[in-house]
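In what follows, chains carry the letters A, B, and so on, assigned in the order in which the sequence lines appear, proteins first and then strands, with residues in each chain numbered from 1.
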Amino acid sequence: MIAKVIVDVPSSQTDRSFDYAIPEQWVDIIQEGTRVIVPFGPRKIQGFIVEITEESEFKQVKPILEVLDVIPVLTAELIRLGDWLSKQTLSFKLSAYQLMIPAALRAKVTKEIHLLTDSVHLPKIIQPLFKMENRITWGALNENKLVLKAIQEAAREGFLEIAYLVEEKGKKKTERFVRVSGNRHQLDDIPARAGKQKELLTYIEETKQPLKVTSLLEETQMTRATLTTLIKKGYVEEFEKEVYRDPLGGVEYEKTEPLQLTEKQSEAIAPILDSLNQNMHDTFLLHGVTGSGKTEVYLQAIAKALSQGREAIVLVPEISLTPQMVQRFKGRFGSQVAVFHSGLSMGEKYDEWRKIRRNEVRVVVGARSAIFAPFTNVGIIIIDEEHETSYKQEENPRYHARDVAIWRGKEHQCPVILGSATPSLESYARAIKGVYHLLPLTERVNNRAMPTVNVVDMREELRQGNRSMFSNVLLEQLKDRLTKGEQAVLFLNRRGYSTFVMCRDCGYVATCDHCDISLTYHRTQHALKCHYCGHEEKMPETCSSCGSDHIRFFGSGTQKVEEELTKVLPEARVIRMDIDTTRRKGSHEKLLSAFGRGEADILLGTQMIAKGLDFPKITLVGVLAADSMLHIPDFRSAERTFQLMEQVSGRAGRHDLAGEVIIQSYTPDHYSIELVKAHDYERFFQMEMSQRKVGVYPPYVYMVLLNISHPELTQVIHVSEKIVTFLKRELSEQTVVLGPVASPLARIKDRYRYQCMIKYRNESGLRKTLLEIQQHYIREINQGQLQISIDMQPYMFT
DNA sequence: AGCACGCCGACT
DNA sequence: GTCGGCGTGCTC
């Protein structure tokens with residue numbers, strides 16, 4: 001039998017399967033989706049079996065050397081999905097499969113040099129290496145040319161062997177347990193003086209279950225010696241058992257029962273239940289305003305799927321994967337839930353993944369990559385906050401979780417639910433066209449009112465002489481909440497507003513030497529940092545351009561807002577949440593729970609506080625600079641602004657107290673800000689669609705972004721122009737090819753970047769054309785100078 | 001990605 | 001004459 005194997009070599013020349021003979025003892029045992037180790041040229045590497053066939057076209061096939069899995073890591077469905085995904089995203093099949101397995105299982109190869117004879121036969125220069133040991137790792141060498149050459153020579157003569165070791169990174173965690181041994185015995189056999197032994201044995205017998213050694217000794221206050229004697233005498237036996245790490249630290253979740261659905265919720269869930277009952281695929285867009293009870297709809301739809309013996313996948317944006325969120329699912333479905341988030345260690349992720357693969361859990365809640373959960377009988381897929389851009393992966397394979405969800409939904413003939421208060425234009429347009437099934441959920445539970453929104457014109461404030469970053473209204477409201485003992489959230493969108501350093505005399509702005517971007521001032525280290533390449537330098541005393549000492553930082557970072565805030569409201573207790581204060585693991589939760597306990601009056605933060613925040617005492621939300629996002633060069637900037645404003649507004653007045661929102665803006669009349677007042681998504685959708693139509697943007701067209709980079713500017717321009725010419729020639733008349741133009745970030749890490757854009761409706765030969773480009777430049781790409789990245793349906797234009 | 005094969009310049 | 005540079009092509 002022959003196994004077709006995708007080998008662990010990420011290059012376009014090896015992006016296909018290779019045939020290997022299945023050793024006799026494995027025939028009929030190993031299945032597709034298993035990881036194996038195979039010989040590949042002179043080395044040993046890892047690979048995935050994607051197909052098993054009777055025969056090979058090759059005269060000579062080498063045998064598989066090792067089989068790594070008892071249960072295949074990829075299901076038949078995932079093998080097909082990976083194939084589809086690699087085609088969709090123009091990435092290697094290998095990369096697609098690696099995406100689907102936990103990092104702990106990804107191949108790691110180490111090279112070792114084994115001494116085969118006495119070291120006296122070796123060239124003198126490498127003899128010292130083998131003084132003590134007869135095997136050394138490749139990493140232990142200093143990569144000296146003469147040394148390498150000597151080793152190569154010795155290996156050719158057979159004195160040394162260069163061995164490739166494929167390691168598994170993931171280690172199963174085991175713990176020692178004891179239980180009563182099978183052979184019957186009498187307690188009386190133990191001499192009376194051995195009271196401790198008797199006591200311990202009795203305890204073990206009475207428990208009737210295997211006991212963890214560490215906890216047994218702790219509970220009984222016995223020593224290890226007593227237990228060892230019992231084991232020696234054969235009364236109890238000790239064994240190792242594989243255990244799962246506990247990422248939730250043994251937290252018990254209080255069981256919750258399904259809530260009575262409101263009329264609107266029942267209406268929304270009915271078509272989903274129909275789809276489940278009929279075992280049919282359909283994509284639903286659940287358009288539910290904040291506080292409309294979307295989650296309860298999810299929970300009950302999941303319960304239905306589980307009752308049919310099927311499984312559920314729930315995606316949430318990483319940032320809202322908070323303990324509160326997890327609690328809702330664990331509370332309803334208990335230990336049937338596996339959770340994936342970036343805070344888990346590699347081992348913990350591996351454990352969660354294995355629970356799924358072994359059918360020990362039936363619900364998975366996680367960020368983007370949880371969409372690849374290796375379930376075999378999926379009954380429902382839910383994507384919460386479907387408009388979030390974090391569902392698109394910004395590195396190869398550049399896939400969108402929504403597309404994968406729909407692919408799997410078709411495969412399993414199950415419903416896919418996209419939920420959002422502010423759906424993406426793409427999804428809403430599809431829902432209106434009838435491609436998706438629209439489920440409106442427009443009322444808040446308990447008929448709670450939407451927060452009132454007040455847009456403040458900051459130009460007017462300036463005219464009236466208010467030069468601070470707080471409008472008079474906002475300041476008054478903040479004072480009001482302080483006296484009432486209520487809480488406020490201040491939101492600062494840092495994007496495009498970072499603290500840059502400028503000379504007041506000549507206007508010089510400190511920029512990174514390797515990237516075309518201004519450096520950001522970090523107060524804690526009193527240093528300037530590049531947010532793209534990590535370059536760091538100390539804050540200059542004088543301007544490097546004119547020598548003036550009038551150099552200082554500008555812009556409104558959260559740190560600066562905090563400073564100002566303490567000046568105008570010295571009595572307010574402020575918690576600041578941004579990248580700086582939440583870098584340490586767990587500090588995010590710590591700050592939030594402190595705020596929840598009322599240890600502060602004002603929560604000041606960036607992006608990360610826009611979601612999931614749900615505290616009863618928050619009655620005021622302030623947005624300091626609503627338009628900071630509006631002016632970035634991205635056709636989705638208005639959409640993002642509206643979504644963010646709605647999202648942030650949703651933080652206020654979620655409980656009994658009414659909420660108020662103050663949005664400060666320099667362009668208060670822009671529809672993306674104006675329409676937040678009425679929370680009018682419909683109207684926003686209409687306005688934005690007409691803009692997209694005029695500009696020829698999605699959802700009216702599909703897009704491809706090509707990013708070309710090279711250390712030499714002339715080369716980038718040259719290649720980019722050739723590519724554009726080629727595209728214009730190959731693609732159809734109606735397709736628009738734009739560029740080449742310098743990327744918004746024209747240089748990163750000393751590489752110049754150009755881009756070109758393709759807008760198309762129908763382009764059957766597109767994939768082929770793009771592959772041809774990659775193929776044509778393969779030499780330059782392999783040499784490491786040129787890079788061409790292709791992003792189908794891009795979300796980032798930097 | 002690695003590694004071998006192979007074809008042209010500067011050296012014992 | 002050879003050693004070694006790295007361009008080209010292969011890995012079942």
| Who are the side chain to side chain contact (heavy atoms under 4.5 Å, CB included) partners of L713(A), not counting sequence neighbours? |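 Counting only residues at least two positions away or on another chain, L713(A) forms a side chain to side chain contact (heavy atoms under 4.5 Å, CB included) with I717(A), Y752(A), Y754(A).
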| field | Where at least one partner belongs to residues 758-798 of chain A, residue pairs that pass ring-ring contact (aromatic ring centres under 6.0 Å, His included), sequence neighbours excluded | value |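 The answer is H400(A)-Y795(A), F635(A)-F797(A), Y702(A)-Y760(A).
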Answer yes when [X] and [Y] have at least one side-chain N-carboxylate O distance shorter than 4.0 Å, and no when they do not.
X: K355(A); Y: E352(A); result: yes
X: R636(A); Y: E426(A); result: yes
X: K392(A); Y: D403(A); result: no

Length of the [atom1]-[atom2] vector between [X] and [N], whole Å:
X: L94(A); N: dC12(C); atom1: CG; atom2: C1'; result: 16 Å
X: Q46(A); N: dC12(C); atom1: CD; atom2: C1'; result: 17 Å
X: Y20(A); N: dT11(C); atom1: OH; atom2: C1'; result: 7 Å
X: Q785(A); N: dC6(C); atom1: CD; atom2: P; result: 13 Å
X: K4(A); N: dC12(C); atom1: NZ; atom2: C1'; result: 9 Å
X: I45(A); N: dC3(B); atom1: CD1; atom2: P; result: 12 Å
X: N782(A); N: dG7(C); atom1: CG; atom2: P; result: 13 Å
X: Q13(A); N: dC3(B); atom1: CD; atom2: P; result: 16 Å

Under 4.0 Å, counting only non-hydrogen atoms across every strand here, what does [X] touch: a base, just sugar-phosphate, or nothing?
X: T14(A); value: base
X: F58(A); value: base
X: V61(A); value: sugar-phosphate

| Should R779(A) be listed as having a side-chain N or O under 4.0 Å from OP1 or OP2 of dT8(C)? |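 Looking at the OP1 and OP2 atoms of dT8(C), one of them is under 4.0 Å from a side-chain N or O of R779(A).
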| query | Where the side chain of R43(A) is defined as all heavy atoms beyond and including C-beta, which of dA1(B), dC12(C), dC3(B) is the nearest nucleotide? | reply | dA1(B)
| remark: Closest of dC3(B), dC10(C), dC12(C) to the R16(A) side chain is dC12(C)
| said: With the six-membered base ring of dT11(C) as reference, does the ring of F40(A) sit under 5.5 Å away with planes under 30° apart? | reply: yes
| said: Suppose we call a contact any N or O donor and acceptor under 3.5 Å apart; does that hold for the side chain of E57(A) and the base of dC12(C)? | reply: no
